[in-house]
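Remember, it's a predicted structure, so these values are computed and weren't measured experimentally.
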Amino acid sequence: MNLRKFLLMMIAVAMLTGTKIARADSILDKLDKPAADQTAVVRGGDVWAVIKPDVAQATPGQDIKVSADFIIGSGWHIYGKPISTDYVPTNITFDKEMVAEQSIDFPKPEMMKFEALGQTLPVYKDKLHVGGDVKLRRDLKPGDYQLSGKVEFQECSDTICKIPQSLPFAIPITVASSAH
């Protein structure tokens, strides 16, 4: 399902349930325009993430650039690192069936003071862009696969925290024969 159809479907659900949500076009405008077939869109609460590799086809053992764009609803934040085990930091993990190694770089989070908790914690608000690399396994055979994994985060406001999210994603990718 492409991003525009997904967002329009979410707006329809919001209208039926009375939930307030930003217009799909305004969410799309905040994100880089992804290729519909080469992305995964996940949503948990007021947090959206669009995960995408920079290629649709690769060879076994190839390094692939990947990125994720997060949109965090107004009044909410998600946590960065380092943080105590009382909270869940934002993370992206690719499954080992396809990926031998991964390196995902998160920008430095903003430090936010929570008076009620007496703590200052690392957070991301509004918009977050993450980039990195994954190395495909060398033993992959040519064919069509799913580059899958999970996005983890905990969405909080100044007064409450929601249950931590672990949202699966899958992106179609073709593995071609290695050039010798």
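Looking only at side-chain heavy atoms (C-beta outward), D69 and K52 come within less than 4.5 Å of each other. For the pair P107 and L128, the minimum side-chain heavy-atom distance is below 4.5 Å. N91 places a side-chain heavy atom less than 4.5 Å from the side chain of E152. Contact check for L136 versus M98: side-chain heavy atoms found under the 4.5 Å cut-off. For the pair I64/I173, a side-chain contact is recorded, criterion being any heavy-atom separation below 4.5 Å from C-beta on.
Of the possible polar contacts, one joining the R43 side chain to the G45 backbone as a donor-acceptor pair under 3.5 Å is found. For the pair K135 (side chain) and G61 (backbone), a donor-acceptor distance under 3.5 Å is present. Using a distance-only test at 3.5 Å, with no hydrogens or angles considered, a donor-acceptor pair links the side chain of Q38 to the main chain of P53. Looking at Q102, its side chain does come within 3.5 Å of a backbone N or O of I92 through a donor-acceptor pair.
A continuous path of Ile, Leu, Val, Met, Phe, Trp and Tyr side chains, each step under 4.5 Å between heavy atoms, connects V130 with F169, placing both in one hydrophobic cluster. Clustering ILVMFWY residues whenever any of their side-chain heavy atoms sit less than 4.5 angstrom apart, transitively, puts F153 in a cluster other than the one holding V88. By the rule that hydrophobic residues join a cluster once side-chain heavy atoms approach within less than 4.5 Å of another member, I160 and V47 end up as members of one cluster.
Note that OG1 of T120 and CD of E110 are 11.0 Å apart. Values are rounded to the nearest 0.5 Å. Remark: H77 NE2 to T90 OG1 distance equals 9.5 Å, nearest 0.5 Å.
Annotation: salt bridge (Lys or Arg N to Asp or Glu O under 4.0 Å) contacts of R137 (sequence neighbours excluded): D139. Checked against ring-ring contact (aromatic ring centres under 6.0 Å, His included), F106 has no partners two or more places apart in sequence or in another chain. Residues passing the ring-ring contact (aromatic ring centres under 6.0 Å, His included) test with Y87, sequence neighbours excluded: Y79. For D95, the side chain to side chain contact (heavy atoms under 4.5 Å, CB included) partners are E97, S148, not counting sequence neighbours.
Screening residues 93-164 for disulfide (SG to SG under 2.5 Å), with sequence neighbours left out, gives C156-C161. Applying the disulfide (SG to SG under 2.5 Å) definition to pairs two or more places apart or across chains, none involves residues 54-151.
In plain terms, the two heavy atoms of Y145 and P142 that are nearest each other are CE1-C, 4.5 Å.
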